[in-house]
Amino acid sequence: MAELQLKDLYDGFRNPEVIQGFAKLINEESKKLFHPINIMEVCGGHTHSIMKFGLPQLLPENINFVHGPGCPVCIMPKERIDHAYILAELDDTILLTLGDMIKVPGSRGSLQDARAKGADVRFVYSPLDTLKIAQDNPDKKIIFFAIGFETTTPMTTSLIDIVLKRGIKNIYFHINHVTVPEVMVELIDSRDEHVDSYNNRIDAFLGPSHVSVITGSKIYEQFPRDYERPVVVAGFEPVDIMEAILMIVRQFNENRCELEVEYKRLVSYDGNIKAQALIDKYFEKASLFKWRGLGNVPESGYKLRPEFADIDAEKIYADILPREEIEDHKLCICGDILRGMAKPNECTIFGTACKPNTPLGSCMVSSEGACAAYYKYGNLLK
Amino acid sequence: MCLSIPSKVVEIDTERNVAIVDTMGVTREAGLELMEEGDVKIGDYVLLHIGFIMNKIDEEDALESLKVYNEILEKLDEEERRELVQEDDNCPNRGA
Ligand code: SF4
């Protein structure tokens with residue numbers, strides 16, 4: 001293979017025979033393991049791939065996936081969705097957001113419900129689409145409800161950068177960006193506390209793909225060093241995931257505990273410096289961010305720096321945005337799922353009262369949510 | 001939301017700071033705001049995320065991975081062939 005073709009980048013990392021090849025190597029390697037290992041894939045994109053390609057059934061008994069909290073839609077607490085709902089209902093306002101966010105129920109309903117009641121809520125493919133909508137609606141206030149992990153954060157700050165540089169006056173921001181390492185720490189701590197009752201601690205992490213493209217692998221250094229958890233940053237394709245699992249198992253067998261990168265074709269140690277600088281220019285860490293199902297996690301979210309208060313919808317509308325905490329649905333065990341302590345099919349209303357078109361919890365809403373992935377690909381479970 | 005398919009850059013519009021890319025036969029536009037100026041060139045493979053190019057794909061590394069995968073396949077084939085031959089001594093042409 002002399003020259004790389006676009007097709008190779010796609011097919012080469014999905015080749016079923018290569019997946020089988022890795023399955024065989026993993027199976028051989030796993031025979032040497034002293035104890036079973038639980039690997040948490042932090043990222044919802046990985047959860048989706050793992051279920052879609054039926055990877056759990058290719059792995060031996062002593063290697064178990066634990067699905068992590070890495071779906072930006074699933075972790076959005078009702079409080080924040082209510083903010084979006086209230087903002088959307090304002091006169092002469094258009095609320096924009098990404099992806100499946102409009103389907104997630106808050107305490108007043110979802111943004112889709114707000115739309116059905118006449119609010120102007122729109123889904124955009126890219127933050128850049130906001131510019132055109134603002135231009136076409138000069139008399140309206142456009143509020144961008146920004147969501148996502150480190151992957152998506154720089155795209156929001158790029159939009160902010162353009163808005164400020166061009167002096168656009170009718171675009172505002174409600175920031176809900178969250179960060180991965182802080183929640184990984186939270187998960188390790190809470191799992192360690194529960195280790196007796198759950199007896200299934202996280203032994204290693206599959207590091208997120210595209211978060212790491214932006215941040216670089218450096219953000220995970222603390223995990224092997226301070227928490228004795230190996231991290232292997234893996235691409236999204238099934239071959240990437242299988243190769244990363246083999247790398248993790250080899251670390252255990254060779255008595256190593258390291259940070260490794262399988263996804264070298266896109267992830268460097270330092271990451272995308274320009275993107276990081278943009279984030280730093282506009283955002284600072286919020287002291288707490290509440291994650292749906294997990295509660296408040298210190299330093300795990302971003303907010304606009306105080307000097308950008310005049311585009312910060314959360315500040316501008318502070319007097320109409322409630323601050324009280326809201327409980328999640330009683331039967332929903334998303335919290336335990338996001339902590340990696342339960343699997344979706346252990347929820348008593350999974351697939352019955354709670355389905356993708358009638359989601360009661362957030363993990364059922366997005367295709368990256370563990371419950372939705374189990375619902376869609378559940379027949380592939382072992 | 002985060003699943004991104006690799007794309008190839010077919011055109012660059014410096015004025016609007018966007019790249020025109022081919023994603024599995026579909027042509028799309030992607031913002032260059034997150035890339036250093038001049039870093040992305042026609043023919044480069046890139047990763048897109050919600051309308052922006054988030055990084056270039058390191059071709060050498062991708063090729064290296066694909067080579068390793070091929071070797072795994074070949075090794076697997078060889079082993080399987082040997083197994084087959086051993087199992088089936090009566091048919092020496094098998095697995096050739
Ligand atoms: S199936 Fe529905 S209710 Fe149950 S944990 Fe998943 S999202 Fe929550």
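Labels below follow one simple rule: chain letters A, B, ... track the order of the sequence lines, proteins then strands, and each chain is numbered from 1.
Of the atoms belonging to B:Ser65, it is side-chain heavy atoms, and not backbone ones, that fall under 4.5 Å from chain A. With a 4.5 Å cut-off on non-hydrogen atoms, A:Ile273 does not touch chain B at all. Looking at B:Ile72, the atoms closer than 4.5 Å to chain A (heavy atoms on both sides) all sit in the side chain, from C-beta outward. The contact between A:Asn15 and chain B is made entirely by side chain atoms (from C-beta outward), counting heavy-atom distances below 4.5 Å. Of the atoms belonging to B:Leu73, it is side-chain heavy atoms, and not backbone ones, that fall under 4.5 Å from chain A. Of the atoms belonging to A:Leu9, heavy atoms from both backbone and side chain fall under 4.5 Å from chain B. Contact of B:Lys56 with chain A is made through the backbone alone, with heavy-atom distances under 4.5 Å.
Relative ring orientation between A:Phe13 and B:Tyr69 is described as perpendicular, the plane-to-plane angle rising above 60° on a 0-90° scale split at 30° and 60°.
The list of ring pair (Phe, Tyr, Trp, His ring centres under 6.0 Å) pairs with a residue in residues 11-31 of chain B, not counting sequence neighbours, is empty.
Atom CD of A:Glu260 and atom CD of A:Glu243 lie 10.0 Å apart (nearest 0.5 Å). Atom CG of B:Leu47 sits about 7.5 Å away from atom OG of B:Ser7, to the nearest 0.5 Å.
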Derivation of the side-chain contact (heavy atoms from CB on, under 4.5 Å) call for A:Ser212 and A:Ser217: CA-CA 6 Å; A:Ser212 314; A:Ser217 61; 5.7 Å; no
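The candidate with the highest count of non-hydrogen atom pairs below 4.5 Å against chain B, out of A:Leu266, A:Ile214, A:Val18, is A:Leu266. With chain B as the partner, the residue from A:Leu278, A:Asp240, A:Val239 showing the most heavy-atom pairs under 4.5 Å is A:Val239.
Using modelled atom types and a 3.5 Å distance limit, the side chains of B:His49 and A:Thr152 yield a donor-acceptor pair.
For A:His177 and A:Tyr282, the gap between ring centers reaches or exceeds 6.0 Å.
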